[in-house]
A.B. asks: 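Starting off with a structure, shown below.
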Amino acid sequence: MSTSLYAFLKGKEDRETQDSSPKPYAEPREFSSQAKEGEGKGDEAKESPKPEGYLSLNLARAYVLSVAYDGEGKRAFLKLYNEADHRIYLWFDDSGHKPYCLSDLTPKELEGISALMNHPGFVGFDVVKKYDALADQERTMTKIVASDPLAIGGRPTGCIRDIIPKAWEAEIKYHECYIFDRDIAVGMPYKIEDGKLIKIDFKPPPEVEKSIESLFKDESEEFKDMARRWVELLECPVPSLRRAALDIEVASTVPTRVPNPREAKEPIVAVAFSASDGRRRILLLRRSNVKAPLPMSIGMPSLPEAEVEAFESEVDMIRRTFQIIEDYPIILTFNGDDFDLSYLYHRALNLGFDRKEIPIVMGRESASLRHGIHLDLYKFFFNRSIQVYAFSQKYREVTLDDVGASLLGVGKMELEKPISELDYESLATYCLQDADITLSLTTMDEDLIMKLIIVLARISHTTIEDLSRQGVSTWLRNMISYEHRRRGWLIPRSEDLLEVKGFTATKAIIEGKKYRGAEVIEPEPGAHFNVSVLDFQSMYPSIIRRYNLSYETVRCPHPECQKNTIPGTPHWVCGRRRGISSLVIGSLRDLRVRWYKSRAKEKGLPKALANWYGVISNSLKVVLNAAYGVFGAESFFLYCPPVAEATASIGRYAIIETIRQAQAIGMKVVYGDTDSIFLKAPEASKIEKLMDWSVERLGMELDIDKVYRYAVFSSRKKNYLGVFQDGSVDIKGLTGKKRNTPLFLQKAFFDMIRILSEVKSAEEFDEAKERITELVKTCYTKLKNRQYSLEELAFNIMMSRAIEGYVKTKPQHIKAAELLAQKGIEVTAGDIISFVKVVGPTGVKPVQLASIKEIDVEKYVGYVESTFQQVLDALDIDLKEILGATRLEFFMPG
DNA sequence: GCGGACTGCTTACCT
DNA sequence: ACAGGTAAGCAGTCCGCG
């Protein structure tokens, strides 16, 4: 069959949803006139929808969201999101592309390997020329073509990559290989004409093109070419994606245990959908232990906008759930990989469903949909880079409750009873609320997350499913692998890279680390007025760009390049070729710094466009921030410690030289960390001079990041407070701000900050001093009189592993966790333990089990002192001295 | 047997 | 599984003390 477009359709669902809802259904259905030709006539309620055949359809504009492998047809296929009807279409490869790996042996030599020749998956040879960047030479390689991906690798034994002596590019997943080779632009629009997949060319508006051309006019052709390709991917608009969030509830017999999805022993009692088209649905199962009558489809008083469907049989409810899942192109969950979809899948099997009736495909670490896309937001929010750089650590625990509360201001509903004892109405409300929150996480800020995912998928050539589940190192791997394939470069084998460049030459300050990192300048203690902070924008990416750093250019094979030494290291860098990662990362850096960052802030831009540029700027930030670190990470496919080491070393050189220069022209440097220097009352002309010097001597742009009315330093590094002109305050590293600090102390600390933010001159510190002293006294009194609640007194510390994992020492929060476990309260890795300090043998108790009477007041007083002292040290205030006498009298009995 | 000096572990932060 | 550098508090150990 040569025409290979196949539409996935259902008949009954469409009719039913239209009948049951008075609301207009958002999507036009004109496509269905063609599609109905292939529609099954069977009973849909019994027979789950399945491919009805291949249709010769035309799609005007559809976006590639994913690429996968069809084991039955032995070929790759695309999941396309059709803009006209907001549905997913599958397009199957029509080129006969096959899996392969590369060998340095000739076909003749390979023919001598009988295990290869007799391998059932072996198809044939193809001789290809590849450029070996490590050796800087052309190589003739043999492509060993196989019938299916598992023949190359993936099985424990007998794979082709294990049979031949040395295999290149054998670790690449087949669907990735297909994306690279066929240049499938993930997240970009295509059209389909008579079954042929055709990319829709996108050209940015001429004025954008012009601005960018002029920004890069002094760069090399290859740099410009790279930038142009990025711009095409980034400027192309994204469609609004139709989606539904899913959440299920299971009646567990043991309320404190999360039901095991693989066993799926207990019934699913509720399923909620909350969708971008405005529909909110709740499916409920009748339970014998609930006396109240089952609410009928008319709905519930407390959920007026929700459509309620009640079921006598779990099988029917699950079947209905599958219908709704199939109706949406994208299903959102929060932990659906490990729970909701997995439970649905296994429960359905337990209840006698046939695999073909289940729209879910279980992978080893994920649950995907046969036709649609499953986005597990838990995995995405868990990603450290997303957490830190895209959301500035606004949420701390990766739970629906914490993420929802932090980003949306809406947390989970509190339950007073276990799920199995809830009445229908509470259960429905609870379940639907979770689905609502999950959906809202993707609709907030004008669909920020959906856009973020699309932008990241485009630049990294990674499917939506992989992108949302994997870390930055995978994104960068795909980005750089793609560039290798595009150029006909051989992707190096990790072993080969390790053998020549697997060592470092500097000594880390922290024991156990591989190489020396950033420079931190000793702060000048005290309060300094008019402090300007200068920093190198995207310092490490700038270094990688400017100094041509890449795995093949650092310690390149050319003797004449050895004179291009890297300061602080025995390494050198190539002067003959442009490094591939220098180009890829460097061009992204320039686009962010010179174009997107400023465009996002530009006034007068249409709101939607400004928002889009903001998303791009943020996406690039996430990728750029990791671009240096990956070269020092053993798990990275281009792990190359000399590259990471060289980057850090040039960074130290840059900041140290910049400080030297600042001092030479008469400026006072009061602090600096990695890429920033803090200047005390600098003259504008001198700053200008320093910035010019930096461009000329270091080839890197220095910027004014912020200006403080005054900044306060103690003698501690990475600890300071800066008050801006408008009275807002930057607090860095101080205990009072840390999230594990008890609430009462955080509050008192911020009261002090408020006092300090009002200080305008050195003279005003005296008054502030007095007010702060009063503040601390009040704090002492309240502690002594036990006027704080246990919650306010609690320390909140994350348990990074299970209790059994603490073998070397037993920290306080683990002691508290043990007490909880004894009471039968489940605690797991990732939980935050709230405990208070008490007098008595244990020293600590979890909040739930403590009483205010046993609080160890002395311990808390010590905490108050040290927290305040961090700031007051710098202001020459000694709390002990001022409060010494007071403190004693507070604690005299009576 | 006990307290201070010390080291190592753990967490949370900064860039 | 992106990196290294810093602070703080506590757990555990060693050593001296007649």
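Scope of the values below: all heavy atoms of this structure, side chains included, with no hydrogens, waters or symmetry mates. In what follows, every chain begins at residue 1, and chains take the letters A, B, ... in the order their sequences are listed. Just so it is clear, the structure is predicted and the values come from calculations on it, not from any experiment.
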A.B. asks: Less than 4.0 angstrom between a side-chain N/O of A:Tyr806 and OP1 or OP2 of C:dC10, yes or no?
C.D. replies: no
A.B. asks: Please check if atom CD in A:Glu365 has more than 12 non-hydrogen atoms from other residues, nucleotides or ligands closer than 6.0 Å.
C.D. replies: no
A.B. asks: According to side chain to side chain contact (heavy atoms under 4.5 Å, CB included), who are the partners of A:Ser406, at least two apart in sequence or on a separate chain?
C.D. replies: A:Tyr395, A:Asp402
A.B. asks: Measuring to OP1 and OP2 of C:dA8, would you say a side-chain N or O of A:Lys737 lies under 4.0 angstrom away?
C.D. replies: no
A.B. asks: Take atom OH of A:Tyr860 and atom P of C:dG9, then tell me their distance rounded to the nearest Å.
C.D. replies: 14 Å
A.B. asks: Whole Å only: how far is the CG atom of A:Asp831 from the P atom of B:dT11?
C.D. replies: 13 Å
A.B. asks: If you count heavy atoms of other groups shown closer than 6.0 angstrom to NZ of A:Lys514, is the number above 12?
C.D. replies: yes
A.B. asks: So do A:Ile453 and A:Ile464 actually touch side chain to side chain, heavy atoms under 4.5 Å?
C.D. replies: yes
A.B. asks: Counting only side-chain heavy atoms from C-beta out, which of C:dC10, C:dC2, B:dC13 sits nearest to A:Ser473?
C.D. replies: C:dC2
A.B. asks: Kindly determine whether A:Ile855 and A:Leu783 satisfy side-chain contact (heavy atoms from CB on, under 4.5 Å), including the steps that lead there.
C.D. replies: CA-CA 9 Å; A:Ile855 292 297; A:Leu783 271 175; 5.7 Å; no
A.B. asks: List in chain and number order the residues that pass salt bridge (Lys or Arg N to Asp or Glu O under 4.0 Å) with A:Arg594, two or more places apart in sequence or in another chain; answer none if no residue qualifies.
C.D. replies: A:Glu219, A:Asp590
A.B. asks: With respect to the side chain of A:Lys514, which nucleotide from C:dG4, B:dC14, B:dC9 is positioned closest?
C.D. replies: C:dG4
A.B. asks: What's A:Arg801 touching, base or sugar-phosphate or nothing? Going by heavy atoms closer than 4.0 Å.
C.D. replies: sugar-phosphate
A.B. asks: Nearest to the side chain of A:Thr809, which nucleotide is it out of B:dC9, B:dT11, B:dT15?
C.D. replies: B:dC9
A.B. asks: Rounded to the nearest Å, what distance is computed from the CD1 atom of residue A:Ile731 to the P atom of nucleotide B:dC14?
C.D. replies: 10 Å
A.B. asks: Salt bridge between A:Asp673 and A:Lys718, side-chain N to carboxylate O under 4.0 Å?
C.D. replies: yes
A.B. asks: Rounded to whole angstrom units, what separation is found between the OH atom of A:Tyr639 and the C1' atom of C:dA3?
C.D. replies: 11 Å
A.B. asks: Restricting to ring pair (Phe, Tyr, Trp, His ring centres under 6.0 Å), what partner residues turn up for A:Phe724, sequence neighbours left out?
C.D. replies: A:Tyr708
A.B. asks: Going by number, which of residues 811-820 of chain A have a non-hydrogen atom under 4.0 Å from DNA chain B?
C.D. replies: A:Pro811, A:His813
A.B. asks: Heavy-atom contacts under 4.0 Å between residues 630-637 of chain A and DNA chain C, which residues?
C.D. replies: A:Val630, A:Gly632, A:Ala633, A:Ser635
A.B. asks: Any salt bridge between A:Arg716 and A:Asp873, counting N to O under 4.0 Å?
C.D. replies: yes
A.B. asks: Quick one: label A:Ser800 by what it contacts on the DNA or RNA (base, sugar-phosphate, nothing), any heavy atom closer than 4.0 Å.
C.D. replies: sugar-phosphate
A.B. asks: If you restrict it to nitrogen or oxygen atoms, what contacts under 3.5 Å exist between nucleotides 5-7 of chain C and the protein, and what is each distance?
C.D. replies:
unit_1 : atom_1 : unit_2   : atom_2 : d
C:dG5  : OP1    : A:Ile509 : N      : 3.4
C:dG5  : OP1    : A:Gly517 : N      : 3.0
C:dG5  : OP2    : A:Ile509 : N      : 3.4
C:dG5  : OP2    : A:Ile510 : N      : 3.1
C:dT6  : OP1    : A:Lys717 : NZ     : 3.0
C:dA7  : OP1    : A:Lys717 : N      : 2.9

A.B. asks: Below 30° counts as parallel, above 60° as perpendicular, anything between as tilted: where do the rings of A:His813 and A:Tyr806 land?
C.D. replies: perpendicular
A.B. asks: Centre-to-centre under 6.0 Å for A:Tyr551 and A:Phe631, is that the case here?
C.D. replies: no
A.B. asks: Please report the distance, rounded to the nearest Å, between CG in A:Asn740 and P in B:dT10.
C.D. replies: 16 Å
A.B. asks: Can we call the ring centroids of A:Tyr863 and A:Phe795 under 6.0 Å apart?
C.D. replies: yes
A.B. asks: Under 4.0 Å, heavy atom to any atom of DNA chain B: which of residues 653-660 of chain A qualify?
C.D. replies: none
A.B. asks: Of A:Ser538, A:Ser617, A:Ser587, A:Ser619, which meets side chain to side chain donor-acceptor pair (under 3.5 Å) against A:Arg592?
C.D. replies: A:Ser617
A.B. asks: Who are the ring pair (Phe, Tyr, Trp, His ring centres under 6.0 Å) partners of A:Tyr540, not counting sequence neighbours?
C.D. replies: A:Tyr628
A.B. asks: For the pair made of CE in A:Met799 and P in B:dT11, what is the distance, rounded to whole Å?
C.D. replies: 9 Å
A.B. asks: For residues 531-545 of chain A, which residues have at least one heavy atom under 4.0 Å from DNA chain B?
C.D. replies: none
A.B. asks: Hey, does A:Arg384 reach any base, or is it just sugar-phosphate, or nothing, if we go heavy atoms under 4.0 Å?
C.D. replies: nothing
A.B. asks: Take atom CG of A:Asp730 and atom C1' of B:dC13, then tell me their distance rounded to the nearest Å.
C.D. replies: 14 Å
A.B. asks: Under 4.0 Å, heavy atoms only, any strand: does A:Arg396 hit a base, just the sugar-phosphate, or nothing?
C.D. replies: sugar-phosphate
A.B. asks: Rounding to an integer number of Å, can you tell me how far A:Lys810 NZ sits from C:dG12 P?
C.D. replies: 8 Å
A.B. asks: Which residue pairs satisfy the salt bridge (Lys or Arg N to Asp or Glu O under 4.0 Å) criterion with at least one member in residues 638-659 of chain A, sequence neighbours excluded?
C.D. replies: A:Glu657-A:Arg660
A.B. asks: Regarding A:Ser866, tell me which of base, sugar-phosphate or nothing describes its non-hydrogen contacts under 4.0 Å with the strands shown.
C.D. replies: sugar-phosphate
A.B. asks: Quick check on side chain to side chain donor-acceptor pair (under 3.5 Å): which of A:Asn383, A:Asp337, A:Asp376 does A:Arg469 satisfy it with?
C.D. replies: A:Asp337
A.B. asks: For C:dC10, take OP1 and OP2 only and decide whether either is under 4.0 Å from a side-chain N or O of A:Lys837.
C.D. replies: yes
A.B. asks: What does the inter-axis angle of the helix from B:dG1-C:dC17 to B:dT15-C:dA3 come out as, five pairs per end, nearest 10 degrees?
C.D. replies: 10°
A.B. asks: Check whether the side chains of A:Arg589 and A:Ser542 place a donor and an acceptor atom closer than 3.5 Å, and report yes or no.
C.D. replies: yes
A.B. asks: Could you tell me which residues satisfy salt bridge (Lys or Arg N to Asp or Glu O under 4.0 Å) with A:Glu522, sequence neighbours excluded, listed by chain and number?
C.D. replies: none
A.B. asks: Check whether any side-chain heavy atom of A:Tyr515 sits under 4.5 Å from a side-chain heavy atom of A:Thr569, and report yes or no.
C.D. replies: no
A.B. asks: Parallel under 30°, tilted from 30 to 60°, perpendicular over 60°: which one fits the rings of A:Phe713 and A:Tyr671?
C.D. replies: tilted
